[in-house]
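Letters A, B, ... mirror the listed sequences (proteins, then strands); counts begin at 1. All values below were derived from every heavy atom in this structure, side-chain atoms included, with hydrogens, water molecules and symmetry-related copies excluded.
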There are 2 protein chains.
Amino acid sequence: MHESKELERQLPLALRAAYMALHRSTEAAFAKHGVTADQFVLLLTLSKVRALTQRELADRISSDPSTVRAMLVLLEKSGYIDRDSHPTDARAKTVSLTVAGRRKLRTLWNVGQPIRDELYGAMTPEEAELLLSLLRKVARSFQQERSLS
Amino acid sequence: MHESKELERQLPLALRAAYMALHRSTEAAFAKHGVTADQFVLLLTLSKVRALTQRELADRISSDPSTVRAMLVLLEKSGYIDRDSHPTDARAKTVSLTVAGRRKLRTLWNVGQPIRDELYGAMTPEEAELLLSLLRKVARSFQQERSLS
DNA sequence: TATTGTTATACTCTATAACTATA
DNA sequence: TATAGTTATAGAGTATAACAATA
């Protein structure tokens, strides 16, 4: 009873603190490479598929079309992504990595390796697996709430 | 071997997705109350102690003095916090909640209850406890890295 | 009618560097 | 010398609303 009241307060703050720590480390590591942590997430998301529309991209990185556009404009200026007209939907644009974008992503992946080592060094593989599944439960619980409205 | 490579990629993204989902829900819930999710975290942090300096506050909410100052200026304008000169250190200021700030925090706590219900509804109390301890391990692993520099 | 993307706009958070005052 | 806070400044993400073109 009493413990759970405390837990209730601490879990959201702990989630924030853990993310902030990760985000800050990533931001610092990427600073000299001219890419933000969020831009890295966008590039990484693009690398897993051939191409996405801006709307799909916004959903996947937990953002919105307006924000994604602002990020894409910056990334396009840096030459890391292309925006082409969609083959079947004339309203949409397909976003994809350029060759330079793929190369940059490989560099960033290596730059971020010490951060991931730090992360996984703090727990066993079993704990990491468990954490992953719990985090997904958390994300899913809010997505359901979102789709209700 | 191969699974762990995938896990390695997914855990940071899952942490981000979970936090973003929480943050977005919180932001939406607080929007009509004129307070951001980050300001709520600041108020909540202040509520747990009598008073803090701006430097201490920055550390506790995983931020920096400049950002904290910007937030405090807004919160002071809204009448939720006071900044008084520190009793023994003339350089420092002590930040504390006003009566209005405490009242606002109570309101915000209630407004946020459905979000926490959503969060805890997605898992058992044991899982919540486990998630909390794993998130703390994550945060601690990066704090150590930080203090080395 | 609904959806994709754009544009304009405003706000918040972030972060660095130079600075003052104090320890 | 180091630290607490301020200030100026710039940039990046967030988000809403109005809009055009298309489905």
Side-chain angles (χ1 to χ4, degrees), chain A residues 16 19-43 51-78 81 83-95 146 149, chain B residues 16 19-43 51-78 81-95 146:
Chain A
R16 181 180 186 276
Y19 168 71
M20 284 301 191
L22 169 67
H23 184 74
R24 207 163 292 264
S25 285
T26 308
E27 202 76 78
F30 291 171
K32 66 168 70 72
H33 293 87
V35 175
T36 68
D38 286 329
Q39 289 172 358
F40 170 70
V41 171
L42 198 158
L43 294 176
L52 289 172
T53 66
Q54 297 187 187
R55 156 69 55 185
E56 289 167 336
L57 202 44
D59 290 341
R60 295 219 190 186
I61 68 169
S62 317
S63 190
D64 68 287
S66 174
T67 301
V68 163
R69 181 188 176 270
M71 296 175 72
L72 289 177
V73 166
L74 292 172
L75 289 170
E76 197 170 34
K77 212 176 291 178
S78 301
I81 61 120
R83 289 192 292 167
D84 304 303
S85 52
H86 193 278
T88 62
D89 188 339
R91 296 171 307 178
K93 293 190 175 177
T94 61
V95 184
R146 205 180 186 185
S149 60
Chain B
R16 180 180 185 277
Y19 168 71
M20 285 300 191
L22 169 67
H23 184 73
R24 207 163 291 264
S25 284
T26 308
E27 202 76 77
F30 290 171
K32 65 170 70 72
H33 294 85
V35 174
T36 68
D38 286 329
Q39 288 171 358
F40 170 69
V41 170
L42 198 158
L43 294 177
L52 289 172
T53 66
Q54 297 187 186
R55 157 69 54 184
E56 290 167 335
L57 202 44
D59 290 340
R60 295 219 189 187
I61 67 169
S62 318
S63 191
D64 68 287
S66 174
T67 302
V68 163
R69 181 188 176 272
M71 296 174 72
L72 289 176
V73 166
L74 292 172
L75 288 170
E76 196 170 34
K77 212 176 291 178
S78 301
I81 61 119
D82 274 333
R83 288 191 292 167
D84 304 303
S85 52
H86 193 278
T88 63
D89 186 340
R91 298 170 306 178
K93 294 191 175 177
T94 61
V95 184
R146 204 179 186 184

Between [atom2] of [N] and [atom1] of [X], the distance in whole Å:
X        : N       : atom1 : atom2 : value
Glu27(B) : dC13(C) : CD    : C1'   : 10 Å
His86(A) : dT4(C)  : NE2   : C1'   : 11 Å
Asp59(B) : dT3(D)  : CG    : C1'   : 13 Å
Arg24(A) : dT14(C) : CZ    : C1'   : 8 Å
His23(B) : dC13(C) : NE2   : P     : 8 Å
Glu76(A) : dA12(D) : CD    : C1'   : 18 Å
Phe30(B) : dA15(D) : CZ    : P     : 15 Å
Tyr19(A) : dC13(C) : OH    : C1'   : 12 Å

Handout entry: Arg24(B) (side chain) donor-acceptor with Ser62(A) (main chain) under 3.5 angstrom
Key = yes

Practice task
May I ask you to decide if the ring planes of Phe30(B) and Phe40(B) are parallel, tilted or perpendicular, using 30° and 60° as cut-offs?
Solution key: perpendicular

Exercise for the section: Sort and list the pairs that fulfil side-chain hydrogen bond (donor to acceptor under 3.5 Å, both in side chains) and have at least one residue in residues 66-76 of chain B, not counting sequence neighbours. Expected result: Asp64(B)-Thr67(B), Glu76(B)-Arg83(B)

Practice task
Going by the side-chain contact (heavy atoms from CB on, under 4.5 Å) test, name the single residue among Leu57(B), Thr53(B), Leu52(B) that passes it with Arg55(B).
Solution key: Thr53(B)

Handout entry: Pairing residues for Thr94(B) by the side-chain contact (heavy atoms from CB on, under 4.5 Å) criterion, not counting sequence neighbours
Key = Ala51(B), Asp84(B), His86(B), Pro87(B)

Practice task
Please assess Leu72(B) against Leu42(B) for the test side chain to side chain contact (heavy atoms under 4.5 Å, CB included), listing each intermediate value before the final yes or no.
Solution key: CA-CA 9 Å; Leu72(B) 289 176; Leu42(B) 198 158; 3.9 Å; yes

Taking N or O atoms only and anything under 3.5 Å, show me the protein contacts with nucleotides 5-12 of chain C, one pair per line.
from: dG5(C); atom 1: OP1; to: Gln54(A); atom 2: N; distance (Å): 3.1
from: dG5(C); atom 1: OP1; to: Lys93(A); atom 2: N; distance (Å): 3.1
from: dG5(C); atom 1: OP1; to: Lys93(A); atom 2: O; distance (Å): 3.3
from: dG5(C); atom 1: OP2; to: Arg55(A); atom 2: N; distance (Å): 2.6
from: dT6(C); atom 1: OP1; to: Arg83(A); atom 2: NH1; distance (Å): 3.1
from: dT6(C); atom 1: OP1; to: Lys93(A); atom 2: NZ; distance (Å): 2.7
from: dT6(C); atom 1: OP2; to: Gln54(A); atom 2: OE1; distance (Å): 3.3
from: dT6(C); atom 1: OP2; to: Gln54(A); atom 2: NE2; distance (Å): 2.7
from: dT6(C); atom 1: OP2; to: Arg83(A); atom 2: NH1; distance (Å): 3.4
from: dT7(C); atom 1: OP2; to: Arg69(A); atom 2: NH2; distance (Å): 2.4
from: dA8(C); atom 1: N6; to: Ser66(A); atom 2: OG; distance (Å): 3.4

Completion exercise
Closest of dT16(D), dA23(C), dT14(C) to the Asp64(A) side chain is dT16(D)

